[in-house]
Amino acid sequence: MPELPDVEGFRRVLAGHAVGRRIEDVVVRDAQVLRDVSAAGLRKTLTGRKFGEPRRLGKWLLTPLKGGPETVVLHFGMTGSLHWETGEPHRHDRVIFCFAGGELRYRDMRKLQGLRLAADDEALERLLAGTGPDALEVGPLQDVLPGRRQLKAALVDQSVLAGLGNLLADEILWRAKLNPYRKVSSVDDLGPLRTTMRKTLREAVKAGRVPPRPSWLTGRRDEPSGSCPRCGTTLRHGRAGGRSTVWCPHCQPG
DNA sequence: CGGCGTGTTCAGAA
DNA sequence: CTTCTGAACACGCC
């Protein structure tokens, strides 16, 4: 699930419920998601402290600790999420931040990513050094997309552009009527692609996720012989940028 | 049992 | 050096 809009939703969960409250305890239910910190170290560093205002870079959620140099860094992989809840934890809740009024739960079935603790701003910068500009903040695309690469491969490469995942990249290229296998350099004007990207992201952020609406390509891609929501042509499936890729051969000619 | 997947990383090939 | 492919990670669903 988690692409830029989802992570933005998780950021709001954290900002709306956990910021400013005292962290009473940190329960690590599965230490496999801890990347560069021990359960004991995390608990010791966080207990008694408060989260500051969280920010997002691409699919990274960065939450500084108030007054400290440390930043809690979350990545959600393919199946991660963040919840503000009370009551029985979910079986895939891996780390739980306990507050007086509720719990912030880092949930992740597959554990492909996890939680890190950057000791200071320098460590944080090192961690994010390879990450490109956020897809909602980036300027003209001709300045960042490498000309020789396929459009799809360039859009999902987090070192080029941070935030787009497989579904969003297909959705955006479909809306922009660009074939995913086309080379970046073959597109005369990348302006419309940027406009489409921003519009698609804003809509998805508003919905809190990538909407599986019938009018979106994402609503059709899993159907065996799904058809283009715009023209009805049977969609084509292939691989680009190392990921499963869906496109409309009529709207997005090669 | 085999195949697949909204993400990332690495080795190896082209 | 750049780009691409496939495998690996871990888990649930077909």
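Computed from a prediction, not measured in an experiment: that's the story for all the values here.
Using a cut-off of 4.0 Å between Lys/Arg side-chain N and Asp/Glu carboxylate O, A:E24 and A:R22 are scored as salt-bridged. For the pair A:K206 and A:E203, the salt-bridge criterion is not met [side-chain N within less than 4.0 Å of a carboxylate O].
Remark: P of B:dC4 and CZ of A:R239 are 8 Å apart, rounded to the nearest angstrom. Summarising the geometry, the separation between CG on A:D157 and C1' on B:dT9 is reported as 12 Å, rounded to the nearest angstrom. In this structure, the CE atom of A:M78 is 15 Å from the P atom of C:dG12, given to the nearest Å. Rounded to whole angstrom, the span from the CG atom of A:L164 across to the C1' atom of B:dT6 amounts to 12 Å. Rounding to whole angstrom units, CG of residue A:D93 and C1' of C:dC11 are separated by 15 Å. Atom CG in A:L145 sits about 16 Å away from atom P in C:dT2, given to the nearest Å. Here B:dC4 presents its C1' atom at 14 Å from NE2 of A:H237, a figure rounded to the nearest Å. Atom CG in A:L61 sits roughly 17 Å away from atom P in B:dG7 (whole-Å rounding).
Closest-nucleotide positions on DNA chain C for A:Q32 and A:A154 were compared, and the one nearer the 5' end corresponds to A:A154. If you find the closest nucleotide of DNA chain C to A:R149 and to A:R243, the one lying nearer the 5' end belongs to A:R149. In this structure, A:W60 and A:L167 both approach DNA chain B, and ranking their closest nucleotides by distance from the 5' end singles out A:L167.
Under a hydrophobic clustering in which Ile, Leu, Val, Met, Phe, Trp and Tyr are joined whenever their side-chain heavy atoms come within less than 4.5 Å, directly or via other members, A:V95 and A:V19 fall into the same cluster. The same ILVMFWY cluster, assembled from side-chain heavy atoms under 4.5 Å apart, contains both A:L201 and A:V144.
At the phosphate of C:dT3, neither OP1 nor OP2 sits under 4.0 Å from any side-chain N or O atom of A:K183. The side chain of A:K111 places an N or O atom within less than 4.0 Å of a non-bridging phosphate oxygen (OP1 or OP2) of C:dC11. Regarding contacts with the backbone of C:dA10, every side-chain N or O of A:H92 stays at 4.0 angstrom or more from both OP1 and OP2. Phosphate proximity of B:dG7 to A:H75: absent, as no side-chain N or O sits under 4.0 Å from OP1 or OP2. Considering only side-chain N and O atoms, A:R148 lies nowhere under 4.0 angstrom from the phosphate OP1 or OP2 of C:dT2. Remark: A:R91 is in phosphate contact with C:dG12, judged by side-chain N or O atoms under 4.0 Å from OP1 or OP2.
Using bins of under 30°, 30° to 60° and over 60° for the plane-to-plane angle, the ring pair A:W84/A:F99 lands in the tilted bin.
At a cut-off of 3.5 Å, with distance as the only test, no side-chain donor of A:N179 or A:K152 sits close to an acceptor on the other residue.
Going from the P atom of B:dG2 to that of C:dA7 covers 15 Å, rounded to whole Å. Rounded to a whole angstrom, the distance from the P atom of B:dG3 to that of C:dG6 is 15 Å.
Looking at heavy-atom distances under 4.0 Å, A:S244 makes contact with sugar-phosphate atoms alone, never a base.
In this entry C:dA8 has B:dT8 as its Watson-Crick or G-U wobble partner, both defining distances falling under 3.5 Å.
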